[in-house]
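First the structure, then my questions, so here it is.
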Amino acid sequence: MALVGSAFGASVVLFLFATSKISSFYFINYLGTQFAFLAGFVFFNKFSPIVFITSKIRFENVFFLQCFFVVSFVMFFLSNIIVYATLGIPLFLKSRLDLTADAGGYGIFTRFAEVSGAVAFYLFLHFIIVEKNVSRLFKSTLFFYLLGHLVVTFLSGSKSSVWFFVMNYFCFLILNKTNPRVKDLLLKLRQYQFKIVLVGLIFAFCIILITFDGSPSNAFLFLGQRIVGYGDVYWHAYPNAYIENLPHDHFFLAVFGSFFGFFRIVDPSTFPEPLGYTLTKMFYTVDMIVGPNPRHNIFGYIYFGPYFSILYSFVLGTCLGYIRRLFFNAHSLKILSKILLLLVYIIFINIETDVNFIVFQLNNLLVVFPFILGISLFVYYFFTYPIQINVSKF
C-alpha cells in the first residue's frame, strides 16, 4: 500500500512537469531524492540481521499469552470508550486530526488504543490459527474482542481502517510462515486476495458515504480525489516555488517534537507548525488541522536543502530496508519478539510519507508496550504464584 501511494505521488510530479507547472530544478531534485530512497532501501535489504529478546520469563507460556491478550483488549476498549466520551467519536468529526489537537491529557488514550489494539489482534490470530487448544470461555472472549474491534474500526472514521486487519493478518502469516497451518493459509491467501481487496474498497466506500450524507456521486468524487491526493504535497509546494517560503528552522523539533512534548522536555507551544498545515494555509482559509503529508522529498529539501536532501532520503531508505529485511527473517524468533517487530515494521513502512509521524508512533510504542507487558505479568503472577508455592510445599 505504501508503494502504491508513492507511485500515485510520482505520477503527480510527472504530470506537473509535463504541463510546465514546475521547474526542471525541482523535478530533478524529486528524482534524485526518490532514487536515493530506493537505493538505500535496496542496499540494506540485502542484509539479514536478527535481533533476539531473551528473558527468564516464559513468554511462550499459553496462560501468560492469554493474560497478555485479555489485558490488551480490555485496555483497547477502555481507551476508546474514554476517547469517545471526552473527545467525541471520530466518524462524526470534520477532521480526525482535531481529535487530539486540544485533547489535553486525554490524548494519551489514543496512544494506548493504537498499540493495545495491534497487540490484541496479533494474539487473537495466534489463538485461532496456531494455538487452538483453549477453553470455550476463552474462545468466547476471542469472538467478543473481534466483534468489538470491528465496531471501533467503523467508528474511527478512517477510510483505510479495514487495511489494519488485512495488513496485520498478512504480517502475522509472514512471521509464522514455518508453521504448517500458516503455510496452508498463505496458499489460500493467494486465491482470495482479490476478494479481500474488494471487501476493503466496499468498507471504505461505506464510510465515505456516511461522511457525505449518502451521496454516491460525492463519494466517488472524493475517492478519486483521495487517490490523486497521494501527491497533494507536490502540487502545493513545487509550483511557483512555494516550497521556498516554508519555515526551515528547528529540524529536531520538527522530527522529534512528539517525543519531547510527551515527556515535557520542551514546551509544546514552541514546536514548529506542521508543514502540511502551513502549506494549506497558503491557499485556503481553514479552521481545523488539515494538510498534505510532508513526504521525504519535500521535508528533506526544506530542512537540508536541494543537495543534502538526497542524502537524507538515502538514510530513510536504508532504515526501511533494514527493518523490512529484519521482519522477513524473523520467523524463528519468540512470540514477544515477533509482536514487537511487527509493530515496528508497520510503523516504518510509512517512513516515506511523514517522518514526524513515525517518531510519534515509535514514542507510543516505547511508552505503551512496556506498560501493557507489565500489567500482563502482574496478572499472570497473581494467578500462578500461589499455585507455585503450593506445588513447592507439596
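Everything numeric here is computed off the predicted structure, so don't read it as measured data. Excluded from the calculations below are hydrogen atoms, water molecules and symmetry mates; all remaining heavy atoms, backbone and side chain alike, are included.
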**Item:** Criterion side-chain contact (heavy atoms from CB on, under 4.5 Å) on S79 and V83, from CA distance to verdict
**Value:** CA-CA 6 Å; S79 298; V83 169; 5.5 Å; no
**Request:** Spell out, as yes or no, whether a donor-acceptor pair under 3.5 Å connects the side chain of K21 to the backbone of P239.
**Result:**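 Answer holds: no.
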**Asked** Would V344 and F327 count as a side-chain contact (heavy atoms from CB on, under 4.5 Å) if you check the C-alpha gap in whole Å, the side-chain angles of each, and the deciding distance to 0.1 Å?
**Response** CA-CA 9 Å; V344 172; F327 171 79; over 6 Å; no
**Request:** Identify, with sequence neighbours excluded, every residue that meets side-chain contact (heavy atoms from CB on, under 4.5 Å) alongside F357.
**Result:**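 Once residues adjacent in sequence are excluded, the partners of F357 under the side-chain contact (heavy atoms from CB on, under 4.5 Å) criterion are D354, F360, Q361.
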**Asked** For the side chain of N363 and the backbone of V359, is there at least one donor-acceptor N/O pair under 3.5 Å apart?
**Response**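 Between the backbone of V359 and the side chain of N363 there is no qualifying donor-acceptor contact (under 3.5 Å).
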**Message:** Please enumerate all residues that pass ring-ring contact (aromatic ring centres under 6.0 Å, His included) together with F283, with sequence neighbours excluded.
**Reply:**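 Counting only residues at least two positions away or on another chain, F283 forms a ring-ring contact (aromatic ring centres under 6.0 Å, His included) with H236, Y242.
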**Message:** Are the side chains of V130 and F172 in contact, using a 4.5 Å heavy-atom criterion?
**Reply:**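 Answer yes - side chains close enough.
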**Asked** Quick one: are the ring centres of F138 and F127 less than 6.0 Å apart?
**Response**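 When the ring centroids of F138 and F127 are compared, they turn out to be within the sub-6.0 Å range.
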**L123 and F68: CA distance, side-chain angles, deciding distance, side-chain contact (heavy atoms from CB on, under 4.5 Å) verdict** = CA-CA 8 Å; L123 292 171; F68 200 17; 3.7 Å; yes
**Asked** Any chance the side chains of H149 and Y145 put a donor and an acceptor closer than 3.5 Å?
**Response**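 Yes, side-chain donor-acceptor contact under 3.5 Å.
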**Message:** Please determine whether side-chain contact (heavy atoms from CB on, under 4.5 Å) holds for the pair W235 and I22, giving the CA-CA distance in whole Å, both sets of side-chain angles, and the decisive distance to 0.1 Å.
**Reply:** CA-CA 9 Å; W235 78 62; I22 62 175; over 6 Å; no
**Message:** I want to check something: taking the side chain as every heavy atom from C-beta on, are C67 and F378 in contact at a cut-off of under 4.5 Å?
**Reply:**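 No - every pair of side-chain heavy atoms lies 4.5 Å or more apart.
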**Asked** What distance do Y122 atom OH and I346 atom CD1 have between them, rounded to the nearest 0.5 Å?
**Response**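 Going from the OH atom of Y122 to the CD1 atom of I346 covers 11.0 Å.
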**Request:** Assert yes or no for the condition that the ring centre distance of Y234 to Y238 is strictly below 6.0 Å.
**Result:**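 Distance test on ring centres: under 6.0 Å, yes.
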**Request:** State yes or no: are the ring centers of F76 and F112 separated by less than 6.0 Å?
**Result:**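 No: the rings miss the under 6.0 Å criterion.
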**Request:** Compare every heavy atom of F348 with every heavy atom of C319, then report the nearest pair and how far apart it is.
**Result:**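 Taking every non-hydrogen atom into account, CB-CE2, 4.1 Å.
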**Request:** Say whether, by atom type as modelled, one donor and one acceptor occur between the side chain of N61 and the main chain of F63 under 3.5 angstrom.
**Result:**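 Yes, the answer is positive, given that a donor and an acceptor are paired below the 3.5 Å cut-off.
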**Request:** Could you tell me whether the side chain of V70 reaches within less than 4.5 Å of the side chain of V379, counting heavy atoms only?
**Result:**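 Not touching, per the 4.5 Å side-chain cut-off.
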**Message:** I need the N293 CG to F299 CZ distance, nearest 0.5 Å.
**Reply:**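 Going from CG on N293 over to CZ on F299, the span is 12.0 Å.
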**Message:** Could you check whether any side-chain heavy atom of L65 comes within less than 4.5 Å of a side-chain heavy atom of H126, counting everything from C-beta outward?
**Reply:**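 Answer yes - side chains close enough.
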Identify all side-chain donor-acceptor contacts of residues 23-40 below 3.5 Å with residues at least two apart in sequence or on another chain.
{"residue": "Y26", "atom": "OH", "partner": "E244", "partner atom": "OE2", "Å": "2.7"}
{"residue": "N29", "atom": "ND2", "partner": "P306", "partner atom": "O", "Å": "2.7"}
{"residue": "N29", "atom": "ND2", "partner": "S309", "partner atom": "OG", "Å": "3.3"}
{"residue": "T33", "atom": "OG1", "partner": "N29", "partner atom": "O", "Å": "3.0"}
{"residue": "T33", "atom": "OG1", "partner": "Y30", "partner atom": "O", "Å": "2.8"}
{"residue": "T33", "atom": "OG1", "partner": "N297", "partner atom": "ND2", "Å": "2.8"}
{"residue": "Q34", "atom": "OE1", "partner": "H296", "partner atom": "NE2", "Å": "3.2"}
{"residue": "Q34", "atom": "OE1", "partner": "N297", "partner atom": "ND2", "Å": "3.0"}
{"residue": "Q34", "atom": "NE2", "partner": "S6", "partner atom": "OG", "Å": "3.1"}
{"residue": "Q34", "atom": "NE2", "partner": "E352", "partner atom": "OE2", "Å": "2.7"}

**Prompt:** Side-chain contact, heavy-atom cut-off 4.5 Å: S376 with I372?
**Reply:**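 A side-chain contact under 4.5 Å exists here.
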**Request:** State yes or no: do L147 and F124 share one hydrophobic cluster built from I, L, V, M, F, W and Y residues joined by side-chain heavy-atom distances below 4.5 Å, directly or via other members?
**Result:**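 No, because L147 and F124 fall into different hydrophobic clusters, even though each may have its own neighbours under 4.5 Å.
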**same_hphob_cluster(L373, L340) at 4.5 Å side-chain heavy-atom cutoff** =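 Per the 4.5 Å side-chain linkage, L373 and L340 are co-clustered.
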**Asked** If you group Ile, Leu, Val, Met, Phe, Trp and Tyr by side-chain heavy-atom gaps below 4.5 Å, do F64 and I339 land in one group?
**Response**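 They do share one cluster, since a chain of ILVMFWY contacts under 4.5 Å joins F64 to I339.
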**Prompt:** Rounded to the nearest 0.5 Å, how far apart are CG of L362 and CD1 of I347?
**Reply:**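 Result: 4.5 Å between the selected atoms.
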**Message:** Do E114 and V368 have side chains that approach each other closer than 4.5 Å (heavy atoms only, starting at C-beta)?
**Reply:**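 In short, these two side chains do not touch, never coming nearer than 4.5 Å.
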**Message:** Within this structure, what is the CG-CZ distance for the pair N350 and R295, rounded to the nearest 0.5 Å?
**Reply:**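 If we round to the nearest 0.5 Å, N350:CG and R295:CZ are 9.0 Å apart.
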**Asked** Taking only residues two or more places apart in sequence, or in another chain, which ones meet F328 in a side-chain contact (heavy atoms from CB on, under 4.5 Å)?
**Response**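 For F328, the residues satisfying side-chain contact (heavy atoms from CB on, under 4.5 Å) (neighbours in sequence not counted) are I174, R324, Y345.
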**Message:** Heavy-atom count check: over 12 atoms from other residues, nucleotides or ligands less than 6.0 Å from F304 CZ?
**Reply:**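 Enclosed: over 12 neighbouring heavy atoms sit under 6.0 Å from CZ of F304.
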**Item:** Closest non-hydrogen atom pair, V12 against G231
**Value:**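 Looking at all heavy atoms of both residues, the shortest contact is CG1-O, 3.5 Å.
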**Prompt:** Considering all heavy atoms of both residues, which atom of I129 and which atom of R181 are nearest to each other, and what is their separation?
**Reply:**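 Heavy atoms of I129 and R181 come nearest at O-CD, 2.9 Å.
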**Interatomic distance, I349 atom CD1 to L3 atom CG [nearest 0.5 angstrom]** =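 Result: 11.0 Å between the selected atoms.
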**Message:** Taking side-chain contact (heavy atoms from CB on, under 4.5 Å) as the criterion, tell me which of T278, I302, L275, N356 meets it with P294.
**Reply:**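 Among T278, I302, L275, N356, the one that satisfies the side-chain contact (heavy atoms from CB on, under 4.5 Å) with P294 is L275.
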**Message:** When you group the ILVMFWY residues by side-chain heavy-atom contacts below 4.5 Å and let the links chain together, are F69 and F143 in the same group?
**Reply:**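 In one cluster with F143: F69, no.
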**Item:** Pairs where residues 271-281 contributes a residue and the test salt bridge (charged side-chain N to carboxylate O under 4.0 Å, His left out) is met, not counting sequence neighbours
**Value:**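 Salt bridge (charged side-chain N to carboxylate O under 4.0 Å, His left out) check on residues 271-281 returns E273-K281.
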**Request:** Kindly give the heavy-atom pair with the smallest separation between H331 and K177, and that separation in Å.
**Result:**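 Taking every non-hydrogen atom into account, CD2-CE, 3.3 Å.
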**Request:** Classify the ring geometry between F73 and F77 as parallel (under 30°), tilted (30 to 60°) or perpendicular (over 60°).
**Result:**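 Judged by the thresholds at 30° and 60°, the geometry between F73 and F77 is perpendicular.
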**Request:** Please tell me if the side chains of V228 and F8 come closer than 4.5 Å, counting only heavy atoms from C-beta onward.
**Result:**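 SC-SC contact between V228 and F8 ruled out.
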**Asked** Closest heavy-atom contact between Y230 and I227?
**Response**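 Here Y230 and I227 meet closest at CD1-O, 3.1 Å.
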**Message:** Quick check on the hydrophobic clustering: are F382 and Y380 connected, directly or via other members, by side-chain heavy-atom contacts under 4.5 Å?
**Reply:**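 Cluster IDs for F382 and Y380 match.
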**Request:** Mind checking the OG1-CG spacing from T178 to N176? Nearest 0.5 Å is all I need.
**Result:**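 CG of N176 is found 7.0 Å from OG1 of T178.
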**Request:** May I ask you to check whether F308 and Y312 place their ring centers less than 6.0 Å from one another?
**Result:**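 Aromatic pair excluded; centres sit 6.0 Å or further apart.
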**Item:** Exceeds 12 heavy-atom contacts within 6.0 angstrom, atom CZ of F15
**Value:**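 No - once you tally the heavy atoms of other residues, nucleotides and ligands closer than 6.0 Å, there are 12 at most.
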**Item:** Over all atoms of both residues, closest heavy-atom pair of S72 and V119
**Value:**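 Minimum heavy-atom separation between S72 and V119: OG-CG1, 3.3 Å.
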**Message:** Run the side-chain contact (heavy atoms from CB on, under 4.5 Å) test against V151 and tell me which residues pass, sequence neighbours left out.
**Reply:**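 Per chain and number, V151 pairs via side-chain contact (heavy atoms from CB on, under 4.5 Å) with L155.
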